[in-house]
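Here is the structure we will look at, set down as structure tokens.
So you know, we letter chains A, B, ... as the sequences are listed, proteins then strands, and number each from 1. No hydrogens, no waters, no symmetry mates; every other heavy atom, side chains included, goes into these values.
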Amino acid sequence: MSKEDIGITVSKNKDFSEWYTQVVLKAKLADYAPVKGLIVLRPDGYSIWESLRSTFDRKFVSNGIRNGFLPILIPESLLGKEKKHFAGFNPEVFWVTHSGENEVGDRLALRPTSETLAYTLYSKWIQSWRDLPLKINFWNTALRAEIKGTKPFLRTSEFLWQEGHTVHASQEEAEKEVMKILEIYKNTVEEELGIPVTIGKKSEKEKFVGAVYTTTMESIMPDGKALQMGTSHFLGQNFSKPFEVKFADIDNVEHFAWQTSWGVSWRLIGAMIMTHGDDQGLVLPPKVAPIQVVIVPIYKNDEGKDKILSKVEEIRKNLELKEIRVHIDDRSELSPGYKFNDWELKGVPIRIEVGPKDIEKQSIVIAKRYNREKSSLSFTEIGKISTILDEIQESMLKTAREQAKANTKNITEYTEFKSKIEEGGFFCAPWCGKLECEEKIKEETGADIRVIPFGSENTNKKCMYCHEQSISIPIFAKGY
RNA sequence: GGGAUCGUCGUCUAGCUUGGUAUGAUACUAGUCUGGGGGACUAGUGGUCGCAGGUUCAAAUCCUGCCGGUCCCA
């Protein structure tokens, strides 16, 4: 490795894919595992996940959802119970066929998702309307064999996620739950990660296999590709019937229950890296940053060192009282310049420099990671740092919103669509609702219907492909 | 399924044609000087050359098979 190789060696604009991989590895968020398609989360990566997890948990709990845990193995007979669902997942299921030297009778799937397992249990647990609603969330991993094009966090054969599964007495209540979850997802992603999302429905073609409909949140990445950030499904009675999730109502008549399922994965971390990172490396939104403020002390000799370290310690205590996550980089063997670059690579939102000049001036140097601005702050103003962190969080979302807006275009003509789709971006274009048009567009351009935004339905326009009456204006884009 | 290409200290890499003590950088360890944007010098640690066979006095190098990675085509 040459000197340059310590940092990111490619530009985000020039080689986005290589840039992304380098940021993940060099910022030490994750590393490759010995098995293709699998990654290892390192502490800096895992703590971002933990931060998201605790935010979601807080919101889930206040919505009456509790956590549970499901085993990883699902017998084939169970997984195959809902036919479409099984057909959809089958190609990417990992199977356990042996225990020791013995072949197992019913093959065991490493869960690609847990609907079938959860609902087998739910049917035992639910008898009466008094048992409803039943709302449980599971934090675990899912396994889906990905052969080609794997990318850390974005496409891996095993991924960390949460899957929530709720059961309701009425269709109306279940559908409300679907929307409630989607709202939680949207707010969390925007507020914590600073990534704007568009919410709406998936087309019939793109919906979750086995669902009545799928709601989704989609984001546009800086390279112009769309990323699915999370989904919330209305399952209707599609699973309650085969799995016999039934309850006796107040009038003692037995009904099949109405169900929902929903999930977000560590893909959100990938989206955060792509949205905010730059040629220097990672840029972390303050709310999820494991370290929010790093202090680099600068000194020439031992007596200066003591003086500066005691000041630095004072600042640390001051910030910690405000619940700011602070780290002092007192590695003596490294030069300040090295440390600056190192912490920028890791995306720490604020760096404070304290050296002899600062002590003299009774101030500190403060450098913001997201815009790389340096300024000074007097000793008496150190309390302002928590406000500055809030401002950074806000303006990161604002910048991302502007970027997303610039990458979203309205299109009515298919010829124009075809000529512009290569540049990437979100394209809002009228559509007749027919599968045939959707498939042709996919075939000819590689672009999918990512989301049919809420409020874009019932439009009086012409389908950009067949020119018949349109039923909505979906967002078309190439996806990850 | 077809084709191409590559596996050498933690990482990147030279050596392979023409067989003979495995090269350099970086990282790591120790020390001295340094220190406000990736610092210098000195010394040191680290490799059964992807695996298994074969040829040979001798194999990272030649031959065969296997395993793994990457890319292209269907």
Would you jot down, in residue-number order, the residues of residues 363-383 of chain A having a non-hydrogen atom under 4.0 Å from RNA chain B? Val365(A), Arg372(A), Lys374(A)

What is the distance, rounded to the nearest whole Å, between atom CZ of Arg331(A) and atom P of G39(B)? 12 Å

With both distances kept under 3.5 Å, what pairs with G1(B), Watson-Crick or G-U wobble? C73(B)

If pairing means Watson-Crick or G-U wobble with both distances under 3.5 Å, then the partner of A40(B) is U32(B)

Compute both the distance and the angle, then confirm whether Arg267(A) meets the cation-pi test with Phe159(A): under 6.0 Å from the six-membered ring centre, within 45 degrees of the axis. no

Is the shortest side-chain N/O distance from Ser335(A) to OP1 or OP2 of G35(B) below 4.0 Å? no

Show me, pair by pair, the donor-acceptor contacts under 3.5 angstrom made by side chains of residues 422-433 of chain A, not counting sequence neighbours?
from, atom 1, to, atom 2, distance (Å)
Glu422(A), OE2, Lys478(A), NZ, 3.1
Trp431(A), NE1, Lys434(A), O, 3.2

Quick test of your reading: applying side chain to side chain donor-acceptor pair (under 3.5 Å), list the pairs with at least one residue in residues 361-370 of chain A, sequence neighbours left out, ordered by first then second residue. Asp278(A)-Arg369(A), Tyr370(A)-Ser395(A)

Nucleotide paired to G47(B) in any strand shown, Watson-Crick or G-U, under 3.5 Å: none

Using side-chain hydrogen bond (donor to acceptor under 3.5 Å, both in side chains) as the criterion, list what pairs up with Arg325(A), not counting sequence neighbours. none

Listed by chain and number, what are the side-chain hydrogen bond (donor to acceptor under 3.5 Å, both in side chains) partners of Ser232(A), not counting sequence neighbours? none

For Asn371(A), enumerate each residue passing the side-chain hydrogen bond (donor to acceptor under 3.5 Å, both in side chains) test, keeping only those at least two apart in sequence or located in another chain. Glu373(A)

When rounded to whole Å, the CD to C1' distance for the pair Gln280(A) and G37(B) reads 10 Å

Which residue, Val264(A), Ile195(A), Leu397(A), forms the side-chain contact (heavy atoms from CB on, under 4.5 Å) with Val189(A)? Ile195(A)

With a 3.5 Å limit on both atom pairs, tell me what U18(B) is paired to, counting Watson-Crick and G-U wobble, or say none. none

Scan every strand shown for a Watson-Crick or G-U wobble partner of G68(B), both distances under 3.5 Å, and answer none if you come up empty. C6(B)

Taking RNA chain B as the partner, which of residues 336-346 of chain A come within under 4.0 angstrom of it by heavy atom? Pro336(A), Gly337(A), Tyr338(A), Phe340(A), Asn341(A), Asp342(A), Glu344(A)

Identified pairing partner of U55(B), criterion: Watson-Crick or G-U wobble below 3.5 Å: none

Taken in chain and number order and not counting sequence neighbours, the residues that satisfy ring pair (Phe, Tyr, Trp, His ring centres under 6.0 Å) with His233(A) are Phe208(A)

Gap between atoms CD and P, on Glu333(A) and C33(B) respectively (whole Å): 16 Å

Pairs under 3.5 angstrom only: tabulate donor-acceptor contacts from the side chains of residues 408-415 of chain A to other protein residues two or more places apart or in another chain.
from, atom 1, to, atom 2, distance (Å)
Thr408(A), OG1, Ala404(A), O, 2.7
Tyr414(A), OH, Glu444(A), OE1, 2.8

Rounded to whole angstroms, how far apart are CD on Gln22(A) and C1' on G38(B)? 15 Å

Which residues pass the ring pair (Phe, Tyr, Trp, His ring centres under 6.0 Å) test with His327(A), sequence neighbours left out? Trp343(A)

What residues, two or more places apart in sequence or in another chain, satisfy side-chain hydrogen bond (donor to acceptor under 3.5 Å, both in side chains) together with Thr399(A)? none

Quickly work out the Ile8(A) CD1 to G38(B) P distance and round it to whole Å. 18 Å

Look for any protein N or O under 3.5 Å of an N or O in nucleotides 69-71 of chain B and output each such pair with its distance, or none.
from, atom 1, to, atom 2, distance (Å)
U70(B), OP1, Lys36(A), NZ, 3.2
U70(B), OP2, Lys36(A), NZ, 3.4

